[in-house]
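Please read the structure below before turning to the comments.
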Protein chains: 2
Amino acid sequence: MASTIIDVAKRAGVSIATVSGVLNGSRYVSPELRERVLAAVRELDYTVNQVARSLQARSTRMIGMLVPDISDPFHANVVRIVETALKTAGYTLLLGNLRDRPEEQARYLHILRAQQVDGILIYMVPGCEEELRKLVESWKPVVLMGRAPTTFQADLVATDHVTGTRLAIEHLMSRGHRRIGIIPGPEPQPFSRSRIHGWRQALAGSGLPADDHYISYGDYTIEGGALAASHLLDLREPPTAILAGNFHEVVGVLRVLRQRRIKRPDQVEVMSSHDSEVLDAFDPPVSSVDQPVRELGTNATELLLRRIRQPGRPPEQILLQPRLKIRSFPASPLNIGAAAEA
Amino acid sequence: MASTIIDVAKRAGVSIATVSGVLNGSRYVSPELRERVLAAVRELDYTVNQVARSLQARSTRMIGMLVPDISDPFHANVVRIVETALKTAGYTLLLGNLRDRPEEQARYLHILRAQQVDGILIYMVPGCEEELRKLVESWKPVVLMGRAPTTFQADLVATDHVTGTRLAIEHLMSRGHRRIGIIPGPEPQPFSRSRIHGWRQALAGSGLPADDHYISYGDYTIEGGALAASHLLDLREPPTAILAGNFHEVVGVLRVLRQRRIKRPDQVEVMSSHDSEVLDAFDPPVSSVDQPVRELGTNATELLLRRIRQPGRPPEQILLQPRLKIRSFPASPLNIGAAAEA
DNA sequence: CTGTTAGCGCATTCAC
DNA sequence: GTGAATGCGCTAACAG
């Protein structure tokens, strides 16, 4: 059994109030007593019981964070940033992996509530806003990341996916592509709509038709990306370029291209909606929409801490702008084929 | 303020003992009262306060997990597996990212102890075993992953890195390489020694000299991998093959090769100590030592749950065998150069 | 300056 | 079958 504050008090021959005072610096204690307390702490290898402290303080100093998929490097990086920012503020992170499942999201929100976390950062999975709305409306500090809810208002930090996608498609067009496929995300999701919207905008800007056949939904997994790519490639007039929804989907798309012995990037060029340093090392070159991961993480954390301090303030939405990361092609211009098609 | 069990009791016109009984199924309650309680719970949107429950139960149903780097896909995957396995057993995961820093490890172990987690899974960072040893010796359920401690005994699930490395080097030799560089991990670490040992074993088996110049330490980051590779390539007789310590280091090595316009894999072949599905999609082909991630995660979880149930049982060590994942080269045998060197 | 006491929300003895 | 009372370990208000 771990020793308690009472054990320390007994051993030091003082009251528990004195021990507590020393430990928290919340009360003046004479140097002599203070030393005796610290000695007892050391001898007993005492550590404060945060559970008891949390109960009495009505605050756990813990923040819950929910992400769709921790093995997606994009999410992993956001978590890493947030975790560091939170540490500075004296909070501990309780992480939940939603595995892209709405049920998991409901389950975790329930757990976080029961655990009495002081705040929640969530990269929403579409399909189950109800639980979350209840939480927000009951004054629980919640900051949404990436995806906006449709049924209520809340603090939000997101990337402008319309612009990001538009820029990507425009870039592909500037490289001569005219048939451009897109894997926006799962079907019924407003988030996917933004990307489709950006895709349409770009095409319209060049007077190209926006053929819905070139939209193939994915689920952010390698398999999903592969499947979506297969659909696109099976079209009568397959696209010469594909914009994948995240890094996993890029892997899936490239795998299919390899299996079909389609030359990359000559015959089909691939772009990614998430950047990764991996793309700097391997072939083929894959340009990307570079999400401002660091800003996402730090802004979300700051927003949350601010809301914890002032629960009444009006909700704030921060929209961050992504930038293209263009990866140039090998010295020998293999891309003549695509360019000639323009 | 969230409602408490007292609010529910008042509203249902019963005692708190009855409410508790209904909520936990720990006591017979007449159907009529039971229904009244459940109705009150619903109306108040009541959720049990886990903090209070944990205090009284002396158990939080939380497991702490510490990993060196959450953005390393290998660790991210282990976390994902563990998190799923733990959920089945009714535990929640408290995650800590050590960022490869011993100080962070000490800090987190302290936090986990204070938070009264029921158990700890840790992928140790070298350099600070003291804190951990104290925990293990004070009967706290701890399972170590990946890396074995030197100063004490504990439950452990690890991969056989000696064998893994030996197999990798042997594979490279079978492909004709005679000068094989290795990036084992940070310098003073026993973990790195295993890999160096495997490297030596393989070379000795073929009667090749083991020149220490071909050992270049890394720190598991992209930058570290790039730096280590630069050192190797600056040698008078640079290696024709390099085994990197994890996926990040592979990225760093390949980046350097690209910068130096060294042909991959013709002039220098790269292997990885961690597999990744990414390697199936990109060029150049990179064979790897495939760590049994799933087994690592599930075994560690089972070991921990068993220790929680029987704190007194003798420590158990599970050593898992990695397997090679060979990636074949493009149809046109570009690798003649390397093979000819044999 | 320091000790005593109440209560955070809950589960769990006891009595009835 | 159900209710009242105790204590988990801690902090903070109140005495002295």
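We name chains A, B, ... by the order of the sequence lines, and we start the count at 1 in each one.
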Rounded to the nearest angstrom, tell me the gap between atom CG in B/L23 and atom P in C/dT12. 12 Å
By nearest atom, which of the nucleotides D/dT11, D/dT2, D/dG9 is closest to the B/R58 side chain? D/dG9
B/N24 has an atom CG; how far is it from atom P of C/dC10, in whole Å? 10 Å
Side chain of A/N49 (C-beta onward), nearest among D/dG9, C/dC10, C/dA11: D/dG9
Name the closest nucleotide to the A/Q56 side chain, picking from C/dC10, D/dG1, C/dC8. C/dC8
Do you see a donor-acceptor pair shorter than 3.5 Å between the side chains of A/R133 and A/T151? no
Strictly below 4.0 Å, N to O, side chains only: are B/E104 and A/K87 in salt-bridge contact? yes
Using a distance-only test with no angle check, is there a side-chain donor-acceptor pair under 3.5 angstrom linking B/T150 and B/E129? yes
At under 4.0 Å between heavy atoms, what does B/V48 touch on the DNA or RNA strands: base, sugar-phosphate, or nothing? sugar-phosphate
Assess the residue pair B/S71 and A/R80 against the criterion (side chain to side chain donor-acceptor pair (under 3.5 Å)); give the C-alpha distance rounded to whole Å, side-chain angles, the decisive distance to 0.1 Å, and a yes or no. CA-CA 7 Å; B/S71 54; A/R80 202 165 45 83; 3.2 Å; yes
May I ask you to say what A/V29 touches in the nucleic acid, namely base, sugar-phosphate or nothing, with a heavy-atom cut-off under 4.0 Å? sugar-phosphate
Comparing B/A52 with B/S26, nearest DNA chain C nucleotide closer to 5' gives the residue B/A52
Can you tell me if the side-chain N/O atoms of B/S20 get under 4.0 Å from OP1 or OP2 in C/dT12? no
Tell me the interatomic distance from A/I5, atom CD1, to D/dG7, atom P, rounded to whole angstroms. 18 Å
Can we say A/D45 and B/R113 salt-bridge, meaning some charged N sits less than 4.0 Å from an Asp/Glu carboxylate O? yes
Between the protein and nucleotides 3-5 of chain D, which nitrogen or oxygen pairs come in under 3.5 angstrom?
{"residue": "D/dG3", "atom": "OP2", "partner": "B/S15", "partner atom": "N", "Å": "3.2"}
{"residue": "D/dG3", "atom": "OP2", "partner": "B/S15", "partner atom": "OG", "Å": "3.2"}
{"residue": "D/dG3", "atom": "OP2", "partner": "B/T18", "partner atom": "OG1", "Å": "2.4"}
{"residue": "D/dG3", "atom": "N7", "partner": "B/R27", "partner atom": "NH1", "Å": "3.3"}
{"residue": "D/dG3", "atom": "O6", "partner": "B/R27", "partner atom": "NH2", "Å": "2.5"}

Flag for B/N49-A/R58: side-chain donor and acceptor within less than 3.5 Å: no
Nearest to the side chain of A/L55, heavy atoms from C-beta on, is which of D/dG1, C/dC10, C/dG9? C/dG9
